[in-house]
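See structure below.
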Number of protein chains: 2
Amino acid sequence: MLHDPAQLDLMFQALADPARRQMVDRLSRGPASVTQLAEPLEMSLSAVVQHLNLLEASGLVRTQKVGRVRTCQIEPKALRAAEHWINERRLSWERRLDRLGDFLAETKDEN
Amino acid sequence: MLHDPAQLDLMFQALADPARRQMVDRLSRGPASVTQLAEPLEMSLSAVVQHLNLLEASGLVRTQKVGRVRTCQIEPKALRAAEHWINERRLSWERRLDRLGDFLAETKDEN
DNA sequence: GCAATAGTTAAGTAAATGCTTCAGTGTTGA
DNA sequence: TCAACACTGAAGCATTTACTTAACTATTGC
């Protein structure tokens with residue numbers, strides 16, 4: 001389910017917004033309530049909740065409500081999926097470059 | 001310049017669109033012209049050029065024009081920057097979890 | 001030279017996004 | 001019990017985004 005293209009879509013979409021990345025950054029240092037998440041952001045609490053809902057839908061953040069406070073934490077598996085997508089493409093490219101280098105070295109030897 | 005927050009912003013923004021990720025995916029297998037990039041995509045060439053310009057502005061793709069064809073290739077450094085941002089946040093979270101685990105194990109020992 | 005090719009640019013448009021405000025709901029602590 | 005607290009949801013609005021079409025420029029091959 002982590003390599004589901006639709007889920008990957010939601011993840012990259014979620015990471016595209018600076019405010020949401022700031023929220024992820026904050027959460028990478030430990031869990032936080034919605035109000036705590038909102039504190040450094042210059043927008044209404046309502047806006048933060050909307051961002052948070054997107055982050056949760058993308059799978060990047062998990063939340064649970066106890067009493068009246070919603071506690072949020074990062075879901076590292078989801079982060080790893082996004083990381084993995086990028087990593088695979090980069091490696092694919094770099095391997096190609098290596099093979100090209102080898103080829104050029106060989107043809108040079110043959111002269 | 002790769003950790004410039006504005007550049008990171010452009011990169012994640014660029015990766016947010018499925019068509020652009022498809023283009024990156026294609027390029028990870030080797031260079032391509034604009035027409036080749038457009039071929040599997042169900043949209044006008046014009047739309048592809050607009051996506052490509054965004055990818056180039058983000059630093060993820062580099063292009064050079066020879067005669068009338070623009071050849072595109074991936075810039076692995078930029079991909080690595082995006083990868084790195086995610087990786088740092090994930091590791092930060094996982095280290096925190098580890099410390100928490102250690103703490104719980106210790107306090108258990110003390111009983 | 002000239003038609004086909006490869007890409008570029010501008011203008012317009014429909015839908016999506018990122019907010020805001022405001023009016024709620026449920027929870028807690030004194 | 002009741003005011004403060006921590007959200008939640010809906011409606012509205014300005015901006016941005018992802019296209020389209022159409023008109024254009026610059027190369028190339030015959």
Side-chain angles (χ1 to χ4, degrees), chain A residues 5-27 30-75 82, chain B residues 5-27 30-75 82:
Chain A
Q7 197 70 10
L8 211 58
D9 229 74
L10 289 174
M11 272 191 274
F12 278 112
Q13 185 121 276
L15 288 173
D17 186 87
R20 286 191 295 264
R21 280 207 310 285
Q22 208 177 322
M23 289 166 76
V24 168
D25 186 49
R26 165 64 188 81
L27 289 176
S33 71
V34 178
T35 310
Q36 286 173 325
L37 267 185
E39 201 262 317
L41 300 171
E42 296 194 343
M43 63 179 73
S44 71
L45 187 60
S46 187
V48 171
V49 170
Q50 289 170 59
H51 281 304
L52 182 56
N53 289 341
L54 246 174
L55 283 169
E56 192 166 23
S58 79
L60 285 167
V61 165
R62 204 149 37 87
T63 76
Q64 56 189 67
K65 198 155 184 176
V66 176
R68 64 186 166 181
V69 1
R70 172 145 80 135
T71 304
C72 314
Q73 38 175 264
I74 272 191
E75 186 53 71
Chain B
Q7 198 70 9
L8 210 59
D9 229 75
L10 289 174
M11 273 191 273
F12 277 113
Q13 187 122 272
L15 288 173
D17 186 87
R20 286 192 294 265
R21 279 206 310 283
Q22 209 178 320
M23 291 166 75
V24 168
D25 187 47
R26 165 63 188 82
L27 290 176
S33 70
V34 177
T35 310
Q36 286 174 326
L37 267 184
E39 202 262 316
L41 299 171
E42 298 194 343
M43 64 178 73
S44 71
L45 226 208
S46 186
V48 172
V49 170
Q50 289 170 59
H51 281 305
L52 182 56
N53 289 340
L54 244 173
L55 282 170
E56 192 166 23
S58 79
L60 285 167
V61 166
R62 204 149 36 88
T63 77
Q64 55 188 49
K65 198 156 183 174
V66 176
R68 65 186 165 182
V69 2
R70 172 144 78 135
T71 305
C72 314
Q73 40 175 264
I74 273 189
E75 185 53 73

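Every value quoted in this text rests on a predicted model; they were computed, and no experiment measured them. To find a chain, count down the sequence lines: A is the first, B the second, and so on, and within it residues start at 1.
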Item to complete: Mind checking Gln13(B) for me? I need base, sugar-phosphate or nothing, with any heavy atom below 4.0 Å counting as a touch.
Response: sugar-phosphate

Worksheet entry | Donor-acceptor pair, side chain of Arg62(B) and main chain of Glu75(B), under 3.5 angstrom | no

Practice prompt. For Thr71(B) and for His51(A), locate the closest nucleotide of DNA chain C by heavy-atom distance; then report the residue assigned to the nucleotide nearer the 5' terminus.
Written response: Thr71(B)

Worksheet item: Of all nucleotides in DNA chain D with an atom under 4.0 Å from a non-hydrogen atom of chain B, which is the first and which the last going 5' to 3'?
Response: dT17(D) to dT28(D)

Practice prompt. Please confirm whether the backbone N or O of Ala32(A) pairs with a side-chain atom of Gln73(A), one donor and one acceptor, at under 3.5 Å?
Written response: no

Discussion item. Within the 4.5 Å heavy-atom criterion, are Arg26(A) and Pro40(A) side-chain neighbours or not?
Written reply: no

Discussion item. I need the CD-C1' distance between Glu42(A) and dG18(C), as an integer number of Å.
Written reply: 15 Å

Worksheet item: In B/S/- notation, 5' to 3', how is nucleotides 22-30 of chain C contacted by protein heavy atoms closer than 4.0 Å?
Response: ----BBS--

Fill in: Atom-pair distance (CG on Leu41(A); C1' on dT20(C)), nearest Å
16 Å

Discussion item. Can you measure Asp9(B) atom CG to dT17(C) atom C1' for me and round it to whole angstrom units?
Written reply: 15 Å

Discussion item. I need the Asp17(A) CG to Leu55(A) CG distance, nearest 0.5 Å.
Written reply: 8.5 Å

Discussion item. Output the rounded distance in Å from CG (Leu54(A)) to P (dC19(C)).
Written reply: 11 Å

Worksheet item: Between Lys65(B) and Ser44(A), who's closer to the 5' end of DNA chain C by nearest nucleotide?
Response: Lys65(B)

Practice prompt. Start with the C-alpha gap between Thr71(B) and Val66(B), add the side-chain angles, then the distance that decides, and say whether side chain to side chain contact (heavy atoms under 4.5 Å, CB included) holds.
Written response: CA-CA 8 Å; Thr71(B) 305; Val66(B) 176; 5.7 Å; no

Worksheet entry | side-chain hydrogen bond (donor to acceptor under 3.5 Å, both in side chains) involving Arg70(B) - partner list, sequence neighbours excluded | Asn53(B), Glu56(B), Thr63(B)

Worksheet, complete the sentence: Between Ala38(A) and Val48(A) the two heavy atoms that sit nearest each other are CB-CG2, 3.6 Å

Worksheet item: Is there side-chain contact between Leu15(A) and Leu60(A), with at least one heavy-atom pair below 4.5 Å?
Response: yes

Worksheet item: Over how many whole Å does the gap from Gln36(B) atom CD to dT5(C) atom P extend?
Response: 15 Å

Fill in: N/O donor-acceptor pair, side chain Gln50(A) with base dT20(C), under 3.5 angstrom
yes

Worksheet entry | Nearest-0.5 Å distance, CE of residue Met23(B) to CG of residue Asp25(B) | 12.0 Å

Worksheet item: How close or far is atom C1' of dA6(C) from atom CD of Glu39(B), stated in whole angstroms?
Response: 15 Å

